[in-house]
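Shown next, in structure tokens, is the structure this report addresses.
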Amino acid sequence: MANNYVNNFSLEGKIALVTGASYGIGFAIASAYAEAGATIVFNDIKQELVDKGLAAYAEKGIKAHGYVCDVTNEEAVNAMVAQIEKEVGVIDILVNNAGIIKRIPMTEMTAEQFRQVVDVDLNAPFIVSKAVIPAMIKKGHGKIINICSMMSELGRETVSAYAAAKGGLKMLTRNICSEYGQYNIQCNGLGPGYIETPQTAPLREKQPDGSRHPFDQFICAKTPANRWLKAEELAGPAVFLASEASNAVNGHILYVDGGILAYIGKQPE
Ligand code: NAP
Ligand code: GCO
């Protein structure tokens, strides 16, 4: 390991697979990895999203490799990982980013809707991690970063499936650490706070009278910084967890939340 602390953050020569990374948080993380020297591989569920992603990376001067793959389909994931190994190389860094949310009161949610969320947000990280771990063991190292959430720790109305899945993802993270730490594989979680992406756009929509969405005001009052965070603000912590600088960090969830989890919320004036 280099004895230069700044070089420890370099991802030069590494191959990173970021799932669901055509836009949003995955795109911001993959772009940061490219800047840190990694070769970027991403997938998305539809060809049009992959094309959109490839164009967006190219615009930033990044030569990314894009694949169409539904991360809930084990056969398709195994085929994609084999194809990546053949066409790009062995994956050094996996970011389980692809995710969905359904905001439905629990008593109105069908079991099928609940399963769909758990399938993408929890079962898929299991499937993709399982597909990359054997080659990481052979190579002698690996980094797995699971994109967790405030809902890995907190509940709120309408997100029972999402909270169950993201809470489960926190424990999958700790279990991968426990099971494969002996092979020099580090598995950590990155827990974003409330980030401005299409996923959270409905929570920030202006009201018909032009006023701010009540949830927008609620989140700002819950965040010491009093604002939503940008996906780019996850870049530094995500690079840290993918780099040799974090080789002794394993099974940890790094919350990048502007302080939400530390704060009781804004007191009344
Ligand atoms: P997003 O904007 O909805 O992006 C998620 C990406 O994953 C989309 O490209 C989506 O495609 C893709 N995807 C969904 N299902 C898939 C599947 N089965 N196979 C492959 N790709 C699939 O979400 P984001 O806000 O960037 O969030 C990224 C991750 O961060 C998610 O895990 C989310 O839960 C988590 N997160 C978000 C926030 C936030 O405030 N935004 C905070 C904490 C954690 P489609 O466009 O077709 O759905
Ligand atoms: C919600 C939001 C959250 C965020 C994020 C918080 O409806 O409360 O969508 O779940 O996306 O995961 O960290």
Side-chain angles (χ1 to χ4, degrees), residues 17-31 41-54 56 66-74 76-77 80 95-105 115-128 145-170 172-173 189-205 213-216 218-219 222-223 227-235 237-238 253-261:
L17 167 63
V18 186
T19 66
S22 300
Y23 63 90
I25 288 174
F27 179 80
I29 290 176
S31 301
V41 186
F42 73 100
N43 75 290
D44 223 308
I45 193 163
K46 289 178 259 179
Q47 184 66 53
E48 60 189 274
L49 274 176
V50 171
D51 292 343
K52 189 177 144 189
L54 285 171
Y67 294 85
V68 178
C69 178
D70 178 345
V71 287
T72 65
N73 180 333
E74 187 167 18
V77 167
M80 175 181 72
V95 182
N96 283 309
N97 167 77
I100 59 168
I101 191 165
K102 290 185 191 291
R103 298 183 185 98
I104 305 171
R115 276 192 207 102
Q116 281 167 3
V117 175
V118 173
D119 213 21
V120 182
D121 294 357
L122 180 57
N123 295 345
F126 160 77
I127 289 170
V128 187
I145 295 132
N146 290 326
I147 304 302
C148 295
S149 162
M150 293 293 89
M151 272 69 223
S152 298
E153 299 292 337
L154 303 169
R156 84 168 186 83
E157 298 83 350
T158 75
V159 296
S160 58
Y162 187 79
K166 293 293 186 179
L169 187 58
K170 173 177 71 177
L172 178 66
T173 303
L190 182 68
Y194 278 79
I195 315 289
E196 285 178 8
T197 69
Q199 194 237 53
T200 55
L203 307 175
R204 284 177 280 109
E205 249 169 31
H213 194 296
F215 196 89
D216 174 8
F218 162 69
I219 279 307
K222 284 290 286 178
T223 310
R227 65 174 177 85
W228 289 71
L229 308 182
K230 306 259 182 230
E232 292 69 29
E233 292 180 280
L234 300 168
I253 312 297
L254 176 52
Y255 290 104
V256 185
D257 64 353
I260 291 177
L261 291 176

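Numbers here simply count residues along the sequence, with the first being 1. In each ligand, atom 1 is the first atom listed, and ligand 1 is the first ligand listed.
- Of all atoms in ligand 1, listed by their number and element, those nearer than 4.0 Å to a heavy atom of Val120 are 15 (N).
- For the pair Gly24 and ligand 1, the shortest N or O to N or O distance does not fall below 3.5 Å.
- The closest protein non-hydrogen atom to atom 36 (N) of ligand 1 is Tyr162 OH, 3.6 Å.
- Counting only heavy atoms from C-beta outward, the side chains of Tyr23 and Thr197 never approach each other to under 4.5 Å.
- Closest to atom 25 (O) of ligand 1 among all protein heavy atoms lies Thr197 OG1, 2.5 Å.
- Inclusion of Pro192 in the set of residues having an N or O under 3.5 Å from an N or O of ligand 2 is warranted.
- Judged by the shortest distance from any of its heavy atoms, Met150 lies outside the 4.0 Å radius around the atoms of ligand 1.
- Taking atom 19 (N) of ligand 1 as the reference point, the nearest protein heavy-atom neighbour is Val71 N, 3.1 Å.
- Closest to atom 28 (C) of ligand 1 among all protein heavy atoms lies Asn97 OD1, 3.1 Å.
- Donor-acceptor pairing under 3.5 Å is lacking for the side chains of Arg227 and Thr223.
- The protein heavy atom nearest to atom 23 (O) of ligand 1 is Gln199 CB, 3.7 Å.
- Here the protein heavy atom with the shortest distance to atom 22 (C) of ligand 1 is Ala98 CB, 3.7 Å.
- Of the listed residues (Ile45, Asp44, Ile147, Ile25), the one carrying the non-hydrogen atom nearest atom 10 (C) of ligand 1 is Asp44.
- Closest protein heavy atom to atom 48 (O) of ligand 1: Tyr23 OH, 4.3 Å.
- Residue contacts with ligand 2 include Leu203, since one of its heavy atoms falls under 4.0 Å from the ligand.
- Between Ser149 and ligand 1, no N or O atom pair is found at a separation short of 3.5 Å.
- Here's the thing with Gly26: none of its N/O atoms is less than 3.5 angstrom from an N/O atom of ligand 1.
- Of the heavy atoms in Ser22, none comes closer than 4.0 Å to ligand 1.
- Evaluated by nearest non-hydrogen atom to atom 1 (C) of ligand 2, the leading choice among Arg156, Gln199, Met150 is Arg156.
- Atoms of ligand 2 lying under 4.0 Å from at least one heavy atom of Ser149, given by number and element, are 5 (C), 6 (C), 12 (O), 13 (O).
- Between the choices Lys102, Lys166, Glu157, Arg103, the shortest heavy-atom distance to atom 7 (O) of ligand 2 belongs to Arg103.
- Proximity to Lys46 (heavy-atom distance under 4.0 Å) selects the following atoms of ligand 1: 47 (O).
- Residue Gly193 has at least one heavy-atom neighbour below 4.0 Å for each of these atoms of ligand 1: 40 (O), 42 (C), 43 (C).
- In this structure, of Asp70, Leu49, Val95, the residue bringing a heavy atom nearest to atom 18 (N) of ligand 1 is Asp70.
- Within the 4.5 Å cutoff, the side chain of Tyr162 has no heavy atoms near those of the Arg103 side chain.
- Closest heavy-atom approach to atom 44 (C) of ligand 1 within the set Ala231, Gly99, Cys148: this belongs to Cys148.
- In this structure, of Phe215, Tyr255, Tyr194, the residue bringing a heavy atom nearest to atom 3 (C) of ligand 2 is Tyr194.
- Proximity of Ile101 to ligand 2, defined as any heavy-atom pair under 4.0 Å, is confined to the side chain (atoms from C-beta onward).
- For atom 10 (O) of ligand 2, the nearest non-hydrogen atom of the protein is Tyr162 CE2, 3.0 Å.
- Annotation for ligand 2: atoms under 4.0 Å from non-hydrogen atoms of Met151 are 10 (O).
- Judged by the shortest distance from any of its heavy atoms, Ile100 lies inside the 4.0 Å radius around the atoms of ligand 1.
- Between Ala124 and ligand 1 there is no heavy-atom distance shorter than 4.0 Å.
- For Glu157, the CD atom counts as loosely surrounded, since its 6.0 Å shell holds 12 or fewer non-hydrogen atoms of other residues, nucleotides or ligands.
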Given side chain to side chain contact (heavy atoms under 4.5 Å, CB included), test Ile25 with Leu234 step by step and report yes or no. CA-CA 8 Å; Ile25 288 174; Leu234 300 168; 3.6 Å; yes

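- The shortest separation from a heavy atom of Gly53 to ligand 1 is not under 4.0 Å, leaving the residue out of contact.
- Residue contacts with ligand 2 for Thr200 involve side-chain atoms from C-beta outward but no N, CA, C or O (heavy atoms, distance under 4.0 Å).
- Contact atoms of ligand 1 toward Thr200: 39 (C), 40 (O), 41 (N) (distance under 4.0 Å to a heavy atom of the residue).
- When all heavy atoms are compared, the tightest approach of Val71 to Ala98 is CG2-CB, 4.0 Å.
- Without hydrogens or angle criteria, Asn43 side chain to Cys69 main chain gives a donor-acceptor distance under 3.5 Å.
- Shown in contact with Asn43 at under 4.0 Å from a heavy atom are these atoms of ligand 1, numbered in order with element: 20 (C).
- Counting heavy atoms closer than 4.0 Å to ligand 1, residue Ile195 contributes atoms from both its backbone and its side chain.
- With contacts defined as side-chain heavy-atom distances shorter than 4.5 Å, the pair Pro125/Leu172 qualifies.
- Of the possible polar contacts, one joining the Lys166 side chain to the Ile147 backbone as a donor-acceptor pair under 3.5 Å is found.
- Using cut-offs of 30° and 60° on the angle between ring planes, the pair Tyr194 and Trp228 is perpendicular.
- Looking only at distances, no side-chain donor or acceptor of Thr72 sits under 3.5 Å from a matching main-chain atom of Val120.
- The option from Gly20, Cys69, Pro192, Ala165 that lies nearest to atom 20 (C) of ligand 1, judged by heavy atoms, is Cys69.
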Between Ile101 and Gln199, does a side chain to side chain contact (heavy atoms under 4.5 Å, CB included) hold up when you go through it step by step? CA-CA 8 Å; Ile101 191 165; Gln199 194 237 53; 3.9 Å; yes

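- Checked by distance only, ligand 1 and Lys166 come closer than 3.5 Å through their nitrogen or oxygen atoms.
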